[in-house]
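One structure below.
Scope of the values below: all heavy atoms of this structure, side chains included, with no hydrogens, waters or symmetry mates. Each chain gets a letter, A, B and so on, in the order its sequence line appears, and its residues count up from 1.
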2 protein chains.
Amino acid sequence: MKKREIYNRQTGCSVENTVQFISGKWKSVIMYHLLNNSTQRFGQLNAKIPSCTPRMLARQLNELEQDGLVEKHVYETVPMVTDYSATTFGQSLVPVITAMSEWGDKYNALAKAHAK
Amino acid sequence: MKKREIYNRQTGCSVENTVQFISGKWKSVIMYHLLNNSTQRFGQLNAKIPSCTPRMLARQLNELEQDGLVEKHVYETVPMVTDYSATTFGQSLVPVITAMSEWGDKYNALAKAHAK
DNA sequence: CTGAATCCCGAACGATACTG
DNA sequence: CAGTATCGTTCGGGATTCAG
């Protein structure tokens with residue numbers, strides 16, 4: 001998988017830089033699961049993100065890999081096994097993903113309280 | 001501006017919940033500027049996000065308002081003046097936006113170091 | 001099991017021009 | 001100043017099928 005050049009994407013806005021790497025409907029969710037579980041197989045990720053189709057999972061994983069956030073290890077066994085894990089660069093996103101997760105939790109609590 | 005129902009969007013995934021609110025190419029950037037400068041006029045925001053067209057800025061602001069993250073105050077003077085500010089709900093995003101901003105800063109430093 | 005290939009659609013985005 | 005109207009384009013994402 002050819003890597004994208006990731007060092008020429010400054011936008012002059014720090015937030016906008018970050019958006020470029022984690023935009024996409026599933027990227028931050030994928031990173032969340034990878035950062036919380038070290039190594040994950042394709043099927044494991046798929047099971048944890050059921051509303052993401054295998055096609056989309058593969059595509060977003062490819063982009064994350066091209067951006068240097070994720071590493072892929074293929075074992076040419078039968079049946080094939082593939083491991084995904086966050087790179088060091090990817091792990092630097094921990095504060096971002098954590099903040100997003102915590103906000104989503106608070107939102108859940110809010111919504112629940114509002115429902116009853 | 002009619003509000004969207006924001007309390008029925010739980011997805012079972014905390015990160016995914018958050019993504020729903022700040023997805024969109026400019027929303028997190030807009031929130032960044034609103035959270036750092038309290039009240040901002042349309043033109044001020046536009047000046048700070050030059051690569052966002054007025055049309056897109058208006059649309060994303062509308063969505064943020066419908067989602068309860070942003071408040072809009074219109075002064076029917078001539079010429080017209082409009083103030084935007086983050087609601088309390090919107091301010092709860094501070095940790096998320098801050099984390100994104102800090103990551104973007106680090107990325108900038110990395111990219112700069114890589115360039116030379 | 002993993003994930004590429006093809007096809008398709010709607011949403012998101014952008015440029016330009018225009019208005020109260 | 002603060003947007004809207006219109007139009008066109010691009011891109012993300014889904015369904016299905018197929019392959020190593």
Side-chain angles (χ1 to χ4, degrees), chain A residues 1-2 4 9 11-13 15-16 19-31 33-34 37 39-67 69-85, chain B residues 1-2 4 9 11 13 15-16 19-31 33-34 37 39-67 70-85:
Chain A
M1 180 63 64
K2 189 164 175 291
R4 280 196 252 180
R9 306 224 225 125
T11 59
C13 169
V15 175
E16 204 177 333
V19 169
Q20 288 189 78
F21 283 90
I22 60 174
S23 69
K25 195 167 176 181
W26 305 108
K27 282 189 191 171
S28 44
V29 180
I30 292 169
M31 289 309 294
H33 291 296
L34 285 180
N37 299 278
T39 291
Q40 297 261 98
R41 297 226 312 268
F42 186 87
Q44 291 179 299
L45 282 171
N46 213 353
K48 291 187 178 171
I49 320 177
S51 41
C52 178
T53 61
R55 167 190 151 86
M56 285 315 301
L57 184 56
R59 286 177 53 140
Q60 306 258 304
L61 279 168
N62 275 340
E63 291 191 18
L64 289 169
E65 189 192 1
Q66 291 170 44
D67 283 351
L69 295 167
V70 160
E71 269 175 353
K72 177 179 179 179
H73 300 283
V74 179
Y75 303 97
E76 295 287 359
T77 56
V78 179
M80 169 191 277
V81 167
T82 314
D83 279 346
Y84 290 93
S85 57
Chain B
M1 181 63 64
K2 190 165 173 294
R4 280 197 252 180
R9 307 223 223 128
T11 60
C13 170
V15 175
E16 206 176 332
V19 170
Q20 288 188 79
F21 283 90
I22 60 172
S23 68
K25 194 169 178 181
W26 306 108
K27 283 190 191 171
S28 43
V29 181
I30 293 169
M31 290 308 295
H33 290 294
L34 285 180
N37 299 281
T39 293
Q40 295 264 98
R41 298 227 309 268
F42 187 89
Q44 290 180 301
L45 282 171
N46 212 351
K48 289 185 178 170
I49 320 177
S51 42
C52 178
T53 61
R55 167 189 153 87
M56 286 314 300
L57 182 56
R59 287 178 57 134
Q60 306 256 302
L61 278 169
N62 275 339
E63 291 190 18
L64 289 169
E65 188 192 0
Q66 290 170 44
D67 283 350
V70 160
E71 269 177 352
K72 176 180 179 178
H73 299 284
V74 180
Y75 303 97
E76 294 289 356
T77 56
V78 178
M80 168 191 276
V81 168
T82 313
D83 278 345
Y84 289 93
S85 58

Between NE2 of His73(B) and P of dC1(D) the distance, given in whole Å, is 21 Å
Taking every heavy atom of Gln60(B) against every heavy atom of Gly24(B), the minimum-distance pair comes out as OE1-C, 3.8 Å
When rounded to the nearest 0.5 Å, the distance separating CZ of Arg59(B) from CG of Asn62(B) is 9.0 Å
task: Could you tell me whether the phosphate oxygens of dA12(C), OP1 or OP2, come under 4.0 Å of any side-chain nitrogen or oxygen in Lys27(B)?
output: no
Between CD of Glu65(A) and C1' of dT2(C) the distance, given in whole Å, is 14 Å
The answer to which of Pro79(B) and Trp26(A) contacts DNA chain D further toward the 5' end, by nearest nucleotide, is Pro79(B)
Which part of the nucleic acid, if any, lies within contact of Tyr75(B), taking any heavy atom under 4.0 Å across all strands shown: a base, the sugar-phosphate backbone alone, or nothing? nothing
Check: Is the phosphate of dG3(C), meaning OP1 or OP2, less than 4.0 Å from a side-chain N or O of Tyr84(A)?
Finding: yes
Phe42(B) atom CZ is separated from dC1(D) atom P, nearest whole Å, by 11 Å
So CD1 of Ile22(B) and OG of Ser23(A): to nearest 0.5 Å the spacing works out to 11.0 Å
- Message: OP1 or OP2 of dG3(D) versus the side-chain N and O atoms of Thr82(B): is any pair under 4.0 Å?
- Response: yes
In this structure, SG of Cys13(B) is separated from NZ of Lys48(A) (nearest 0.5 Å) by 11.5 Å
When rounded to whole Å, the CD to C1' distance for the pair Gln40(B) and dA2(D) reads 15 Å
Between the CG atom in Asp83(B) and the CZ atom in Arg41(B), the distance rounded to the nearest 0.5 Å is 7.5 Å
With the side chain defined as heavy atoms from C-beta on, Arg41(A) is closest, among dA4(C), dG3(D), dT2(C), to dT2(C)
So, is Lys72(A) close to the dG3(C) phosphate, meaning a side-chain N or O under 4.0 Å from OP1 or OP2?
yes
Q: State whether Asn46(B) places a side-chain N or O below 4.0 Å from either non-bridging phosphate oxygen (OP1 or OP2) of dG3(D).
A: no
Notebook entry, point to check: Are any of Lys25(A)'s side-chain N or O atoms less than 4.0 Å away from OP1 or OP2 of dG14(D)?
Noted result: yes
Whole-Å distance, Met80(A) CE to dA19(D) C1', equals 10 Å
- [ ] Classify the side chain of Arg55(A) versus the base of dG14(D) as yes if they form a donor-acceptor pair under 3.5 Å and no if they do not.
- [x] yes
Rounded to whole Å, the CZ-P distance (Arg59(B) to dT6(D)) equals 14 Å
Met56(A) has its side chain closest, among dA2(D), dG14(D), dC13(C), to dG14(D)
Between CG of Leu61(A) and C1' of dG13(D) the distance, given in whole Å, is 15 Å
note: Glu63(A), atom CD; dG13(D), atom C1'; distance rounded to Å ~ 11 Å
Does a side-chain N or O from Gln60(B) land closer than 4.0 Å to OP1 or OP2 of dA12(C), or not? no
